[in-house]
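Before any comments, here is the structure.
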Amino acid sequence: MHFWTIYDRIEWAIGLLMLTATVVTVFVAAVGRTVGVPVPSAPQFAQLFLLWTCMFGADLAMKQGGHIRVSALPDLASPPVQTALAWMHAVLMLAFLAFVAILGWDLSMGNWQRELGASGLSYGIVTLAVSVGAGLLAISVVRRLVTRGAAGAFAADPDVPGEVL
Amino acid sequence: MISALVLGLALLLIATGMPVAFAIGIAGVSFFLLPTTFLPDETAVQRIVAASQSFPLLAVPLFILLGNLMNAAGITPRLVGLATTLAGWMRGGLAQSTLVLSALMGGVSGSAVADAAMQARILGEPMVDSGYDRGFTAAILAIGGLITATLPPSLGLILYGYLGEVSIGRLFIAGVVPGFLLLATLMAATWFVARKDGYTPARDGLPTWAEVWRDLKAGVWAVLFPIWLLVGIRFGIFTPSEAGAFAVAYALIVGFVFHRELTVAKVLDALTQSLRDIGMIMLIILFSGTFGYVITFERVPQSIAEFALTAITDPTVLLFVVSGFLLVLGMLVEATVLVMLLTPILVPVITAAGIDPVHFGLVMMTLVTFGGMTPPVGVSMFTVCGILRCSYRDYTVQMLPLAAAVLVMVALMILFPQIVLFLPDRLM
């Protein structure tokens with residue numbers, strides 16, 4: 001199988017697993033509190049899984065051009081201007097993601113010993129999500145640039161609404 | 001001054017078409033990179049992590065998943081029967097039924113776009129075949145989503161409550177009366193359109209009790225859901241986030257056991273779609289962690305509040321002015337973006353003016369969600385017109401009476417705060 005197909009499948013599976021884990025831990029927290037046997041570590045696990053879910057979900061959205069953007073003005077511009085703007089955005093976004101990935105990594109390694117409340121979880125595992133997520137997002141930005149060209153890199157694929165509310 | 005530059009940079013990047021999450025993130029980080037900033041750079045990343053470490057925030061992913069699961073569980077076709085029985089006898093019966101359907105869906109879904117898309121796929125072509133104008137069909141299906149988004153659980157109100165630190169339980173209960181009044185005003189507007197354009201009822205005569213009972217039984221699990229949701233939150237049995245987890249379990253049981261329509265493949269689809277939607281919304285929330293820190297650090301809301309409150313002293317006038325801005329911005333910018341950017345700034349301002357943030361939340365969310373249904377930029381309009389292959393021009397002409405009804409409703413909410421606050425003040 002193609003490398004990127006396997007890569008996408010694995011990422012998708014981890015993302016789904018994280019989302020499922022978020023739901024299950026909130027459910028355990030809720031049931032525990034309702035029946036009078038609170039599980040103090042469950043909310044902390046839920047927030048850990050939530051952050052990982054968000055980063056994997058954000059990358060899935062990036063691969064489909066699903067991140068919300070306000071395209072009314074650039075759509076009025078001429079194609080060369082649109083391409084130039086998209087290149088500028090891509091460069092700024094990649095620099096930003098590198099900044100977040102590197103500082104997130106430092107923060108994560110520096111806080112590995114620090115424990116999160118009742119759960120005994122390392123604060124480093126939480127922070128690591130941001131660093132890993134930024135890395136995944138950067139890879140997807142480059143992939144979109146290569147496959148769609150600059151002008152179409154951040155535009156939504158068909159059937160991706162680009163809005164939730 | 002510096003905060004004005006940071007805000008200006010964010011707006012410039014958004015206006016030139018950069019994905020909003022990144023525009024906000026880059027603007028926020030730029031503050032930390034300035035030579036005049038003495039905060040360590042790590043704080044920027046720390047704020048992104050901190051934005052996610054909130055139990056109330058878990059309501060957002062859970063209710064997104066709930067909406068997608070409920071759709072996959074076969075709720076919509078079951079509620080179509082009930083809606084047609086309840087409203088089909090009126091003038092313009094099919095159109096009235098779609099509005100009632102939006103209200104019924106409002107109890108399980110919190111997204112206007114999802115509701116409009118779902119209804120357009122199921123009911124759009126049948127309505128056109130029965131003689132309804134294509135533009136009017138698209139308009140009523142899109143704007144009906146506003147009822148879905150106002151009745152609890154509402155995704156917009158969850159976001160507003162989280163960002164503005166307002167009780168989500170109170171917001172949910174406050175949405176009940178405006179949601180039903182919105183249903184009534186839109187049905188009245190539809191009645192006028194139906195009389196003018198000669199749309200007929202979809203069935204002869206009033207429904208019998210036996211027919212209502214038959215269709216109610218088919219949709220009972222969806223109809224019961226918002227009731228136990230509100231009762232549970234009201235009596236403190238669960239918080240909104242916990243309710244989200246119970247609700248997901250409920251949707252799975254209903255879909256697998258009672259409706260027998262949910263399959264593992266459909267659940268995986270719902271999870272995948274939710275994962276993408278969650279990533280999209282939450283990345284903005286996370287990256288605005290840095291931005292929000294700068295805004296608070298620089299005391300922007302306080303400065304705006306001081307300025308606004310010296311210029312306008314009457315709360316009602318202030319609400320009308322802010323609403324005018326929200327209406328115009330809503331026509332141009334996606335609802336999610338406005339909620340994320342403006343809630344943290346506006347809530348302190350209107351609270352300082354003596355306005356209840358729950359009252360303002362309903363007014364604000366109605367207006368910015370409605371903005372998604374209007375030209376020139378409206379995701380609900382794009383989605384529905386795309387599915388029904390209808391021109392934006394026809395849509396715009398046909399939506400005018402419905403838009404007038406929505407604006408009258410918002411004006412009433414501003415003039416009579418009790419419409420919104422009556423229930424939460426009584427119950428909570």
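Chain identifiers are assigned alphabetically (A, B, ...) following the order of the sequence lines, protein sequences preceding nucleic acid strands; residue numbering begins at 1 within each chain.
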Where does B:Pro61 contact chain A at under 4.5 Å (heavy atoms): side chain, backbone, both or neither? side chain
For B:Gly17, is there any backbone N or O sitting under 3.5 Å from a side-chain donor or acceptor partner on A:Arg69? yes
Region of B:Val339 that comes under 4.5 Å of a non-hydrogen atom in chain A: side chain
Return yes if a side-chain donor-acceptor contact under 3.5 Å exists between B:Asp115 and B:Ser109, otherwise no. no
Can you say whether A:Val130 sits under 4.5 Å from chain B via the side chain, the backbone, both, or neither, judging by heavy atoms? side chain
Chain A: which of B:Val49, B:Thr16, B:Thr369, B:Asp277 shares the most heavy-atom pairs with it under 4.5 Å? B:Thr16
Side chain, backbone, both or neither: which part of A:Met18 has a non-hydrogen atom closer than 4.5 Å to chain B? neither
Take A:Asp8 and A:Arg143, measure what salt bridge (charged side-chain N to carboxylate O under 4.0 Å, His left out) needs, and give me the verdict at the end. CA-CA 12 Å; A:Asp8 288 341; A:Arg143 280 175 73 192; 3.0 Å; yes
Look at the rings of B:Tyr392 and B:Phe382 and say which category their plane angle falls in: under 30° parallel, 30 to 60° tilted, over 60° perpendicular. tilted
Counting only heavy atoms not in B:Trp228, do more than 12 sit closer than 6.0 Å to its CH2 atom? yes
Structural part of B:Thr148 lying under 4.5 Å from a heavy atom of chain A: neither
Cut-off 4.5 Å, heavy atoms of chain A, and the answer for B:Thr239 is both
Taking A:Thr127's backbone N and O only, do any of them form a donor-acceptor pair with A:Ser131's side chain (distance below 3.5 Å, no angle check)? no
Between B:Leu33 and chain A, which part of the residue has a heavy atom less than 4.5 Å away: side chain, backbone, both or neither? side chain
Heavy-atom distances under 4.5 Å only: say whether A:Leu85 touches chain B with side chain, backbone, both or neither. side chain
Give the member of B:Met282, B:Gln273, B:Met365 that has the highest number of heavy-atom pairs under 4.5 Å with chain A. B:Met282
Begin with the C-alpha distance, continue with both residues' side-chain angles, and end with the deciding distance and a verdict on ring pair (Phe, Tyr, Trp, His ring centres under 6.0 Å) for B:Phe291 and B:Phe31. CA-CA 9 Å; B:Phe291 186 78; B:Phe31 172 81; over 10 Å; no
Go through the atoms of B:Ile14 and report whether side chain, backbone, both or neither lie under 4.5 Å from a heavy atom of chain A. both
Ranking B:Gly279, B:Ser111, B:Ala114, B:Ala23 by heavy-atom pairs under 4.5 Å to chain A gives rank one to B:Gly279
At a 4.5 Å cut-off on heavy atoms, which part of A:Leu19 comes close to chain B: side chain, backbone, both, or neither? side chain
Before accepting this row, confirm whether a basic side-chain N of the pair A:Arg144/A:Asp157 lies closer than 4.0 Å to the acidic partner's carboxylate O. yes
Out of B:Thr383, B:Val248, B:Leu62, return the one with the most heavy atom pairs under 4.5 angstrom to chain A. B:Leu62
Are the side chain of A:Thr83 and the backbone N or O of A:Ala151 linked by a donor-acceptor pair below 3.5 Å? no
Under 4.5 Å to a heavy atom of chain A? For B:Leu332 that would be backbone
Taking every non-hydrogen atom, the tightest pair across B:Ser154 and B:Ala149: OG-O, 2.7 Å
Cut-off 4.5 Å, heavy atoms of chain A, and the answer for B:Val113 is both
So which of B:Ala249, B:Ser30, B:Ser54 has the largest heavy-atom pair count under 4.5 angstrom toward chain A? B:Ser54
What is the ring orientation for B:Phe238 with B:Phe246, classed by angle as parallel under 30°, tilted 30 to 60°, or perpendicular over 60°? tilted
One option among B:Ile278, B:Leu58, B:Val333, B:Val379 has the most heavy-atom pairs under 4.5 Å with chain A, and it is B:Leu58
Interface residue of largest heavy-atom contact number with chain B, from A:Phe99, A:Trp12, A:Phe154, under 4.5 Å: A:Phe99
Contact class of A:Val28 relative to chain B, heavy atoms under 4.5 angstrom: neither
Judged by atom type as modelled, is there a donor-acceptor pair below 3.5 Å linking the side chain of B:Thr43 to the main-chain atoms of B:Pro40? yes
Which bit of A:Gln82 comes within less than 4.5 Å of chain B, counting heavy atoms only: side chain, backbone, both or neither? neither
Is the closest side-chain heavy-atom distance between A:Leu16 and B:Leu268 below 4.5 Å? yes
Name the region of A:Thr22, side chain, backbone, both or neither, that has any atom closer than 4.5 Å to a heavy atom of chain B. side chain
Counting only non-hydrogen atoms closer than 4.5 Å, does A:Leu107 touch chain B with its backbone (N, CA, C, O), its side chain (CB onward), both, or neither? side chain
Is chain A contacted by the side chain of B:Ala117, its backbone, both, or neither, given a heavy-atom distance below 4.5 Å? neither
Sort out for me which of A:Val23, A:Ile68, A:Leu60 touches chain B most, counting heavy-atom pairs under 4.5 Å. A:Ile68
Using non-hydrogen atoms and a 4.5 Å limit, figure out which bit of A:Thr20 sits close to chain B: side chain, backbone, both or neither. side chain
So does A:Gly104 get a backbone contact from the side chain of A:Ser108, meaning a donor-acceptor N/O pair under 3.5 Å? no
Let me know if B:Ile26 has heavy atoms under 4.5 Å from chain A in its side chain, its backbone, both or neither. both
Side-chain ion pair, A:Lys63 and A:Glu11, N-O less than 4.0 Å: yes
How are the rings of A:Tyr7 and A:Phe3 set relative to one another: parallel (under 30°), tilted (30 to 60°) or perpendicular (over 60°)? tilted
Give, as side chain, backbone, both or neither, the part of A:Phe27 having an atom under 4.5 angstrom from any heavy atom of chain B. both
